[in-house]
Protein chains: 2
Amino acid sequence: MSDDIENKCIRKGLRLTDQRKLIAQVMSRSENHPDVDELYQRVNKLDSKISIATVYRTVKLFEEAGIIEKHGFKGNKARYEQAPQEHHDHLIDIHTGEIIEFVNEDIEKLQRKVAEKLGYNLVDHRLELYGSKIKK
Amino acid sequence: MSDDIENKCIRKGLRLTDQRKLIAQVMSRSENHPDVDELYQRVNKLDSKISIATVYRTVKLFEEAGIIEKHGFKGNKARYEQAPQEHHDHLIDIHTGEIIEFVNEDIEKLQRKVAEKLGYNLVDHRLELYGSKIKK
DNA sequence: ATAATTGCAAATGCTTTGCTTGTGA
DNA sequence: TCACAAGCAAAGCATTTGCAATTAT
């Protein structure tokens, strides 16, 4: 269902305003990883009175609640995606900007091992691959 | 020698100004991964007339010439380090901010493999581990 | 000589915030 | 009702840029 995010909000005790519902909805339906401005554009079509400050506040709220995830890929602007059920990393096409999600359990394991070898518990990580399409 | 960066500038045909020499020198002697402001503070002690705009311009110039590397760890501000002879990744202590460099050839291999499986040539990557020190 | 570089301050781009009015529970 | 959220515009930061003066080659 597309209001999954709404339910999460309720469970987290977040007040459910019209604007938050809209942003949740747009976020749910996003195929790509939109930045705040894209989000604002889309939400704006549904409610032209919403302000970009609200989008920023909501996105941060959702992020802190663990409902969505923030990414800072190269080329700065923060991009968001719905917090995935299962963790994944990203491969970014350096020519088109297309973002492909992937999972590799071997890499995950090695990361934990590396951290431990250095005397650390792995709390979080960021892995981004940048590549160009192989032409046949 | 600490003026390794200077030689690289010459080889790249970059004009060698006093300010660039200073920044190169400070960069060479940095143990940590300084951000522009730290760099500016240090350089400023050697030449109080230097402007922060010059530091920004120089750091970008060096980066584009492949002389230094730019990192965007979590918590935004760009940090720089001398371009290493051998590639390495970073583990960041989430409590102290300390940055530890590491190399793991297995992870590197897996990354290439993952990219290829997705139909891409791996051009670049970013791997950051965030951890907290294991207490004995 | 002269094209590139600097310093300064103003401009930019993204993000946050103060304050008043509006609203969900 | 009333603590919290939204809208607006102003402020904040990191970074970039226009321009006149300076400098490396």
Side-chain angles (χ1 to χ4, degrees), chain A residues 3 5-27 33-41 43-65 67-80, chain B residues 3 5-26 33-41 43-65 67-80 97:
Chain A
D3 30 15
I5 293 183
E6 287 191 27
N7 291 323
K8 284 185 190 168
C9 287
I10 293 167
R11 253 176 274 132
K12 305 259 178 185
L14 299 181
R15 194 182 282 192
L16 219 24
T17 66
D18 289 345
Q19 325 25 9
R20 287 182 185 172
K21 280 184 210 162
L22 276 185
I23 294 168
Q25 196 182 104
V26 168
M27 202 62 238
H33 297 59
D35 60 35
V36 170
D37 206 61
E38 288 169 338
L39 230 34
Y40 175 61
Q41 302 302 334
V43 164
N44 209 249
K45 284 181 189 149
L46 306 173
D47 172 5
S48 60
K49 290 180 280 337
I50 205 166
S51 91
I52 197 163
T54 298
V55 179
Y56 272 106
R57 279 192 275 236
T58 303
V59 128
K60 177 182 263 191
L61 180 81
F62 285 179
E63 195 214 340
E64 284 165 355
I67 295 172
I68 65 176
E69 274 181 10
K70 181 182 189 175
H71 299 294
F73 302 130
K74 301 202 178 183
N76 33 50
K77 274 184 251 183
R79 311 191 82 84
Y80 294 86
Chain B
D3 29 16
I5 294 183
E6 288 191 26
N7 291 323
K8 284 185 190 167
C9 287
I10 294 167
R11 252 176 275 132
K12 305 259 176 184
L14 300 181
R15 196 183 278 195
L16 219 24
T17 65
D18 289 345
Q19 320 34 5
R20 288 182 185 173
K21 281 185 210 164
L22 276 184
I23 294 168
Q25 196 182 105
V26 168
H33 297 59
D35 60 35
V36 170
D37 206 62
E38 287 169 338
L39 229 35
Y40 174 62
Q41 301 303 336
V43 164
N44 209 250
K45 285 181 189 151
L46 305 173
D47 172 5
S48 60
K49 292 180 278 338
I50 205 166
S51 92
I52 197 162
T54 297
V55 178
Y56 272 105
R57 281 193 273 236
T58 303
V59 128
K60 176 183 265 194
L61 180 81
F62 284 180
E63 196 213 340
E64 284 165 355
I67 295 173
I68 65 176
E69 273 181 10
K70 180 182 190 173
H71 300 294
F73 302 129
K74 300 202 179 185
N76 32 48
K77 276 184 246 180
R79 312 192 78 86
Y80 294 86

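Letters A, B, ... are given to chains in the order of the sequence lines, protein chains preceding strands, and every chain is numbered from 1. Hydrogens, waters and symmetry mates play no part in the numbers below; they use all other heavy atoms, side chains included.
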Undergrad: What is the distance, rounded to the nearest whole Å, between atom CG of B:D18 and atom P of C:dT5?
TA: 14 Å

Undergrad: Output the rounded distance in Å from CG (B:L39) to P (D:dA14).
TA: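 One finds 15 Å between P of D:dA14 and CG of B:L39, rounded.
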
Undergrad: Hey, what's the ring geometry for B:H71 with B:H33, parallel, tilted or perpendicular (30° and 60° as the breaks)?
TA: tilted

Undergrad: Return yes if the base of C:dG22 and the side-chain atoms of A:R15 contain a donor-acceptor N/O pair under 3.5 Å, otherwise no.
TA: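 When only heavy-atom distances are counted, A:R15 does not reach the base of C:dG22 through any donor-acceptor pair under 3.5 Å.
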
Undergrad: Take the protein atom CD1 of B:I10 and the nucleotide atom C1' of D:dT25, then report the distance between them rounded to whole Å.
TA: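 Distance check: B:I10 CD1 to D:dT25 C1' gives 13 Å.
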
Undergrad: Would you mind telling me which residue lines up with the more 5' stretch of DNA chain D, B:L14 or B:Y56, judged by nearest nucleotide?
TA: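 Nearest nucleotide further toward 5': that of B:Y56.
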
Undergrad: If you take all heavy atoms of A:K70 and A:A78, which pair is closest and at what distance?
TA: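 Minimum heavy-atom contact is CE-CB, 3.6 Å.
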
Undergrad: Below 4.5 Å, heavy atoms only, C-beta onward: do B:I52 and B:N44 meet side chain to side chain?
TA: no

Undergrad: Any heavy-atom pair between the side chains of A:I67 and A:L61 that's under 4.5 Å?
TA: no

Undergrad: CG of B:L22 versus C1' of C:dT6: gap in Å, rounded?
TA: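 It works out to 13 Å between those atoms.
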
Undergrad: More 5' along DNA chain D: B:K60 or A:S51, using each one's nearest nucleotide?
TA: A:S51

Undergrad: At under 4.0 Å between heavy atoms, what does B:I50 touch on the DNA or RNA strands: base, sugar-phosphate, or nothing?
TA: sugar-phosphate

Undergrad: Report the distance from atom CZ of A:R79 to atom P of C:dC14, rounded to the nearest whole Å.
TA: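 The distance from CZ of A:R79 to P of C:dC14 comes to 11 Å, rounded to the nearest Å.
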
Undergrad: Considering only side-chain heavy atoms of A:V36, which listed nucleotide, C:dT15, D:dT25, C:dC8, is closest?
TA: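 Output: C:dT15.
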
Undergrad: Could you tell me the separation between the CD1 atom of A:I23 and the C1' atom of D:dA6, rounded to a whole number of Å?
TA: 10 Å

Undergrad: Kindly say if A:Q19 contacts the phosphate of C:dT23, meaning a side-chain N or O under 4.0 Å from OP1 or OP2.
TA: no

Undergrad: Below 4.5 Å, heavy atoms only, C-beta onward: do B:V59 and B:L39 meet side chain to side chain?
TA: yes

Undergrad: Decide yes or no, distance alone: a donor-acceptor N/O pair under 3.5 angstrom between the base of C:dG24 and the side-chain of A:R20.
TA: no

Undergrad: Using a heavy-atom cut-off of under 4.0 Å over every strand shown, decide if A:I52 touches base, sugar-phosphate, or nothing.
TA: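 Nothing: the residue A:I52, judged by heavy atoms under 4.0 Å, touches no strand.
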
Undergrad: Rounding to a whole Å, what distance do you find between B:K21:NZ and C:dT5:P?
TA: 14 Å

Undergrad: Check the phosphate of C:dT5 against B:T17, side-chain N and O only, distance under 4.0 Å to OP1 or OP2. Yes or no?
TA: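 Checking B:T17 against C:dT5: no side-chain N or O falls below 4.0 Å of OP1 or OP2.
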
Undergrad: To the nearest angstrom, how far is B:Y40 atom OH from D:dA14 atom C1'?
TA: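 Checked: the OH to C1' distance equals 14 Å.
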
Undergrad: Looking at B:K77, does any N or O in its side chain come under 4.0 Å of the phosphate oxygens OP1/OP2 on D:dC13?
TA: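 So the side chain of B:K77 is outside the cut-off, no N or O lying under 4.0 Å from OP1 or OP2 of D:dC13.
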
